[in-house]
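First the proteins, then the strands, lettered A, B, ... as listed; each starts at 1. Please read these numbers as outputs of a predicted model, since none were measured by experiment.
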Number of protein chains: 2
Amino acid sequence: MMFSTKAEYGVRLMVHLARVDREEPVSLTAIAASEGLPLAYLEHLVASLRRAELVDSRRGAHGGYSLARAPEEITMAEVVAALEGGIAPIECIAADSEGEVVCSRETDGGEPCPTKLLWARVHGAIVGTLEDMTLSDLVRPAPRTAGDTTQPKVTV
Amino acid sequence: MMFSTKAEYGVRLMVHLARVDREEPVSLTAIAASEGLPLAYLEHLVASLRRAELVDSRRGAHGGYSLARAPEEITMAEVVAALEGGIAPIECIAADSEGEVVCSRETDGGEPCPTKLLWARVHGAIVGTLEDMTLSDLVRPAPRTAGDTTQPKVTV
DNA sequence: CGTCGATGATGTTTTCGACCAAAGCCGAGT
DNA sequence: ACTCGGCTTTGGTCGAAAACATCATCGACG
């Protein structure tokens with residue numbers, strides 16, 4: 001299990017929001033009940049999403065949360081990164097401010113640590129697929145026609 | 001951080017073994033010292049690798065561990081799966097005995113949970129890259145000419 | 001002996017989730 | 001119109017449980 005329930009619940013929450021009218025905010029209570037998720041926990045997750053400016057909030061009666069942008073404009077990479085606090089398969093691969101991957105074990109000047117290649121590729125694969133998908137892809141589960149990367153039978 | 005140090009240390013260990021003569025077992029003590037890793041922890045990891053039949057062991061004086069197969073024959077997917085206990089981005093995507101992905105949330109008969117598509121693709125991307133690489137790819141860090149999936153500048 | 005092999009103890013960190021007080025917003029009642 | 005009360009977010013602390021990383025012990029075996 002490489003992603004925590006933060007990502008799982010958070011994505012579900014976003015999908016839920018993507019399914020309703022953006023003008024009509026949905027309260028966390030409603031989402032928690034409908035999706036069967038713990039309310040108190042969602043409060044934390046949605047806070048991260050708000051800080052990342054992925055959702056808008058409105059308090060008071062008939063308040064709640066709504067998507068900050070159209071579902072087509074929200075990539076899953078943003079969502080997961082906001083929830084999980086960055087996407088890195090391992091400490092070694094932590095993208096710095098400008099996407100550059102730096103390995104702490106790097107003997108600067110000498111040869112890089114050999115395992116870096118592996119994690120860099122894994123990182124690339126994950127980020128790539130995550131960036132290729134938007135919220136709208138999850139709202140209508142119709143398979144995409146082009147560039148479908150759903151993997152065939154792999155036994156692991 | 002989606003993989004634990006199990007995967008990191010374990011892969012390092014395997015690379016270490018791949019670099020030496022397979023007929024000459026290396027003791028954990030030597031590896032721990034050379035790689036700067038905690039010996040006691042390595043004992044756990046190497047136990048998993050042995051159960052997965054990825055390494056052979058020889059006890060007694062001048063004993064130690066060695067690769068069970070040639071580096072070209074050992075895919076990183078096997079290594080990571082052995083160390084981490086399976087590869088799944090999330091509980092939802094847990095490959096059963098024969099590679100079939102089953103979602104617990106599946107309302108059987110009804111529509112599948114919409115987030116499944118996302119995690120299935122991520123899972124596929126990870127497993128795919130992991131299966132495309134073998135230990136030998138890490139021994140000689142020479143870049144592969146075909147199918148290089150190293151990702152360009154992505155900011156996440 | 002030197003090394004593996006199994007098991008269990010331990011301290012730390014992360015997850016997961018509960019709870020609560022403050023503050024903002026809405027609508028109803030006066 | 002204005003206030004008041006209830007609904008909701010906001011943000012914080014707190015705690016249990018699990019996972020992680022490590023150490024330690026003891027036996028088996030070559």
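- D/dT22 atom P lies 12 Å from atom NZ of B/Lys6, rounded to whole Å.
- Interatomic distance, CG of A/Leu118 versus CG of B/Asp132, reported as 11.5 Å (0.5 Å rounding).
- B/Leu42 places a side-chain heavy atom less than 4.5 Å from the side chain of B/Leu45.
- For D/dT10, neither phosphate oxygen OP1 nor OP2 lies less than 4.0 angstrom from any side-chain nitrogen or oxygen of A/Arg51.
- Using a 4.0 Å cut-off on heavy atoms, the residues of residues 52-62 of chain A that approach DNA chain C are A/Arg59, A/Gly60, A/Ala61, listed by number.
- Here the shortest heavy-atom pairing between B/His16 and B/Ile31 reads CD2-CG1, 3.9 Å.
- Note that the CG atom of A/Leu54 and the OG1 atom of A/Thr75 stand 8.5 Å from one another [nearest 0.5 Å].
- Checking D/dT9, D/dT22, D/dC20 against the side-chain heavy atoms of A/Leu28 singles out D/dT9 as nearest.
- Rounding to the nearest 0.5 Å places CE of B/Met76 at 11.5 Å from CZ of A/Arg121.
- Going from atom OG of B/Ser66 over to atom CZ of B/Arg22 covers 7.0 Å, rounded to the nearest 0.5 Å.
- Separating the CE atom in B/Met2 from the CD1 atom in B/Ile87 is a distance of 11.5 Å, to the nearest 0.5 Å.
- Here the shortest heavy-atom pairing between A/Tyr65 and A/Ser57 reads CE2-CB, 3.6 Å.
- Taking 4.0 Å as the cutoff to heavy atoms of chain B, we find the contact window on DNA chain C bounded by C/dG2 to C/dG8.
- The distance from atom CG of A/Leu37 to atom CD of A/Glu8, rounded to the nearest 0.5 Å, is 8.0 Å.
- A heavy-atom distance below 4.0 Å to DNA chain C is reached by these residues of residues 38-49 of chain A, ordered by number: A/Pro38, A/Ala40, A/Tyr41, A/Glu43, A/His44.
- Using bins of under 30°, 30° to 60° and over 60° for the plane-to-plane angle, the ring pair A/Tyr9/A/Tyr41 lands in the perpendicular bin.
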